[in-house]
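Residue numbers count from 1 along this sequence. Remember, predicted model here, so these are calculated numbers, not experimental data.
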Amino acid sequence: INNKEKLMADNYTPPEASLEMASENNSGQGKVDDLPEGIKGFSWGAFLLSWIWAIGNSTWIGLLALVPYVGFIVSIYLGFKGREMAWQNKRWDSVEHFQRVQKQWSFWGVLIIGGIFLLGIVAAIAIPAYQANV
């Protein structure tokens, strides 16, 4: 019986330390061949908050998002590859810690950009309506 099955069978026994779990965290070591499960995927935080996300995740290539005409392409690239680059460029406590932080980046990216988008729509409707009544 492996460690996980033992833990599932007896909830009162603390889990034993395992070297397998320690070797799984290869974050902050640069380009690695095998990424842990759950690292790959699209990052809304990296796509929407590109250069700010890049600074927070030590992914300095993301600063190219500040360059005119190149910024949108860099944002798309960060959306698709940002999670992998963040794992490789910054040291994380665990995969769970990484997932939690990236989820927060995505939440704030959608909230801020979505809020600006909604504010723009409201302004586009309200300003002409207000000017028509004056």
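- Residue Lys90 qualifies as enclosed at atom NZ: its count of foreign heavy atoms under 6.0 Å is above 12.
- Residues Phe80 and Ile39 are members of separate hydrophobic clusters, defined by side-chain heavy-atom contacts under 4.5 angstrom among Ile, Leu, Val, Met, Phe, Trp and Tyr.
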field: Full working for side chain to side chain contact (heavy atoms under 4.5 Å, CB included) between Lys81 and Lys40
entry: CA-CA 8 Å; Lys81 290 292 189 179; Lys40 293 183 179 181; over 6 Å; no

task: With side chain to side chain contact (heavy atoms under 4.5 Å, CB included) as the test, would you mind laying out the steps for Val95 and Asn25 before giving the verdict?
output: CA-CA 7 Å; Val95 175; Asn25 187 353; over 6 Å; no

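- No side-chain heavy atom of Tyr77 sits under 4.5 Å from any side-chain heavy atom of Ile73.
- Hydrophobic clustering (side-chain heavy atoms under 4.5 Å, transitive across Ile, Leu, Val, Met, Phe, Trp, Tyr) keeps Leu78 apart from Val110.
- Evaluation of the side-chain hydrogen bond (donor to acceptor under 3.5 Å, both in side chains) test over residues 104-123, restricted to residues two or more places apart or in two chains, returns none.
- Not counting sequence neighbours, Lys103 has no partner by the salt bridge (Lys or Arg N to Asp or Glu O under 4.0 Å) test.
- For the ring pair (Phe, Tyr, Trp, His ring centres under 6.0 Å) test, residues two or more places apart in sequence or in another chain that qualify with Phe98 are Trp87, Trp92.
- At a cut-off of 3.5 Å, with distance as the only test, a side-chain donor of Gln99 or Arg83 sits close to an acceptor on the other residue.
- A distance of 12.0 Å separates CG of Asn89 from CD of Gln29, quoted to the nearest 0.5 Å.
- Residues passing the side chain to side chain contact (heavy atoms under 4.5 Å, CB included) test with Ile121, sequence neighbours excluded: Phe117, Ile125.
- The closest side-chain heavy-atom distance from Gln88 to Leu35 is below 4.5 Å.
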Using a 3.5 Å cut-off and no angle test, enumerate the donor-acceptor pairs between side-chain atoms of residues 41-69 and protein atoms at least two apart in sequence or in another chain.
residue, atom, partner, partner atom, Å
Ser43, OG, Ala46, N, 3.1
Ser50, OG, Ser75, OG, 3.3
Trp53, NE1, Gln102, OE1, 3.0
Asn57, OD1, Gln102, NE2, 2.9
Asn57, ND2, Trp53, O, 3.0
Thr59, OG1, Asn57, O, 3.1

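- Among residue pairs with one or both ends in residues 45-66, none qualify as salt bridge (Lys or Arg N to Asp or Glu O under 4.0 Å); sequence neighbours excluded.
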